[in-house]
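Everything on this sheet refers to the single structure shown next.
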Amino acid sequence: MADNAVQFFQAALAEMEERRKVVQLGGGLERLQKQRSGGKLTARERIEALLDADSFTELGVYVEHLETDLMQGVSAPGEGVVTGFGMVGGRKVCVFSQDFTVLGGSLGKMNAAKITKVMDLAAKVGCPIVGLNDSAGARIQEGVDSLSGYGEIFYRNAVYSGVVPQISAILGPCAGGAVYSPALTDFVLMARGTSYMFITGPEVIKSVTREDVTFEELGGADVHSRKSGVCHLEGENDRDVLEKIKLLLAHLPQSAREQTPLKPTKDPSGRKTPELLEIIHPDQKKPYPMLTVIKAVVDDHDFLEVQPLFAQNMICGFARLGGRSVGIVANNPQRVAGVLNIDASDKAARFIRTCDCFNVPIVTLVDVTGFLPGVAQEHQGIIRHGAKMLYAYAEATVPKITLITRKSYGGAYLAMNSRDMGADVVLAFPNAAVAVMGADGAANIIYRKEIQKSDTPDATRAEKIAAYKQAFDNPYVAAGRGYIDDVIHPEDTRAQLIAQLEMLSNKREERPFKKHGNIPL
Ligand code: HXC
């Protein structure tokens with residue numbers, strides 16, 4: 001090669017490397033150090049911790065910011081976000097990681113273009129998209145162009161919803177527009193103590209409503225895990241959050257066109273579960289730990305609970321049975337007697353739809369007296385929210401198995417996926433009671449006059465309750481009508497569920513043509 005050609009390539013290579021180095025340094029050593037000293041990883045360290053070793057391929061490396069008046073002379077290496085693709089557990093994912101060291105990770109038009117590029121790629125090839133969010137919201141200097149950037153992201157979040165899994169980690173103070181993209185995705189994870197989500201921050205709130213509130217109180221991981229329900233999983237720190245993303249991905253298919261990955265287990269399919277006889281309290285009114293029931297039954301006792309701190313009367317999460325991923329929806333008799341209220345209905349309905357989008361069969365464990373009575377619940381719209389559960393179950397076409405572990409009454413019997421709501425299989429334990437309501441309430445209503453007229457009303461009431469229990473508080477009336485397929489021994493629970501899932505593994509269910517349904521919101 002001629003000398004001048006060699007010199008040209010050397011110079012070109014040197015420039016390429018120089019430019020890459022600048023991009024890789026983001027906001028510079030000082031800001032990177034500040035980021036680390038705040039207990040956080042940098043944008044690139046996060047990608048490294050998430051992906052399999054050496055699997056990251058970066059895209060849009062040299063993208064630069066839009067030249068608006070206020071952005072003249074501003075340096076934004078990498079445009080405040082690192083984007084590309086790689087592997088998690090040997091499976092492809094697209095990823096973007098916002099860089100807080102560059103203009104606070106704020107979102108400008110070209111920053112958004114980098115993100116939408118990998119979102120489009122994920123949708124085209126059919127792989128999950130993971131967003132690692134650490135952003136101060138719309139880039140103020142870019143004005144409406146930055147709002148447009150958000151619009152392009154939100155639009156794709158919605159269009160690709162149900163196409164490929166979308167997972168968002170919140171790993172810093174995410175404000176304004178930075179919270180709505182995560183809210184549109186399937187799962188939101190937050191790091192405790194270092195991540196916040198809010199539409200308007202404490203200062204604006206103070207000036208508008210005069211409320212004094214800290215970042216943590218307003219939108220910390222704890223608030224969004226316990227109160228708002230925005231956060232699905234909390235991590236101790238960035239690394240913990242990233243590990244939890246891997247656990248979630250392992251239960252999800254690459255796209256709606258694929259099945260969930262199988263995870264072989266040494267836990268025998270026929271393993272007996274006699275411990276359920278000890279765990280499930282025979283007295284209908286006494287609580288017992290449904291979480292322990294779930295863990296006793298599933299592969300390797302391994303259960304990934306989703307939204308574990310929100311609406312604890314309802315348990316939702318992923319597990320495997322015979323190596324197959326399942327979504328478990330269960331009443332929790334240890335919290336408000338496991339009744340259905342507004343938050344529990346929202347939580348379950350969302351989870352059921354997430355499972356249905358991504359071909360995860362649903363196992364429903366029922367121990368419920370009904371919807372929570374009360375003026376507040378009625379006025380806040382328990383009708384509208386409870387309807388979401390009915391809708392979500394009826395709409396779901398994945399395999400659906402219902403097991404009544406103790407009682408199933410009234411509207412909640414239907415809302416917890418009864419036969420008529422589309423359950424493929426309904427099982428019950430021998431102690432299960434299926435009725436319009438509990439014996440006490442029922443006897444008081446239908447025998448009220450007789451009880452009032454009686455010389456010994458208490459004795460008459462007790463007699464009527466006992467008679468009602470004898471007649472209806474058992475699984476056999478429902479089983480006799482075919483609403484329950486089998487009454488099973490609790491020790492056979494695992495084997496039964498695995499056999500039923502195996503039978504249903506090729507289930508296909510077509511629905512009438514529609515544009516899309518109209519779930520009550
Ligand atoms: C451009 C921004 C920025 C923004 C912060 N920066 N926010 N640049 N646009 N929105 C810059 C700062 O100037 C600073 O630059 C660097 O990012 C770090 O910010 P600090 O304030 O020093 O960091 P910190 O003290 O950690 O506070 C972080 C923060 C705070 C809490 C996020 O920056 C903040 O409140 N920012 C504004 C948040 C906000 O209101 N966003 C909403 C935008 S409106 P230097 O050069 O000093 O490092 C919106 C509407 C979209 O998003 C709606 C769509 C539905």
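What you are looking at is a predicted structure, and each value in this text was computed from that prediction instead of being measured. As the structure lists them, so they are numbered: ligands from 1, and atoms in each ligand from 1.
Look at Lys244 and Asp240 and you find a salt bridge, because one of the NZ, NE, NH1 or NH2 atoms lies within 4.0 Å of a carboxylate O, short of that distance. The pair Glu15-Arg19 meets the salt-bridge criterion, with a side-chain N (NZ, NE, NH1 or NH2) lying under 4.0 Å from an Asp/Glu carboxylate O. A salt bridge is defined here as a Lys NZ or Arg NE, NH1 or NH2 lying under 4.0 Å from an Asp or Glu carboxylate O, and Arg508 with Glu510 fails to meet this definition.
Neither the backbone nor the side chain of Glu203 has any atom closer than 4.0 Å to an atom of ligand 1 (non-hydrogen atoms only). Residue contacts with ligand 1, taken as heavy atom pairs separated by less than 4.0 Å, involve Ala138 via backbone and side-chain atoms alike.
Distances between N or O atoms of Arg139 and those of ligand 1 include no value under 3.5 Å. Inclusion of Ala178 in the set of residues having an N or O under 3.5 Å from an N or O of ligand 1 is not warranted. Ligand 1 has no nitrogen or oxygen under 3.5 angstrom from a nitrogen or oxygen of Leu147.
Distances from ligand 1 to the non-hydrogen atoms of Phe215 include at least one value under 4.0 Å.
The nearest protein heavy atom to atom 38 (C) of ligand 1 is closer than 4.0 Å. For atom 10 (N) of ligand 1, the nearest protein heavy atom is under 4.0 Å away. Less than 4.0 angstrom separates atom 21 (O) of ligand 1 from none of the non-hydrogen atoms of the protein.
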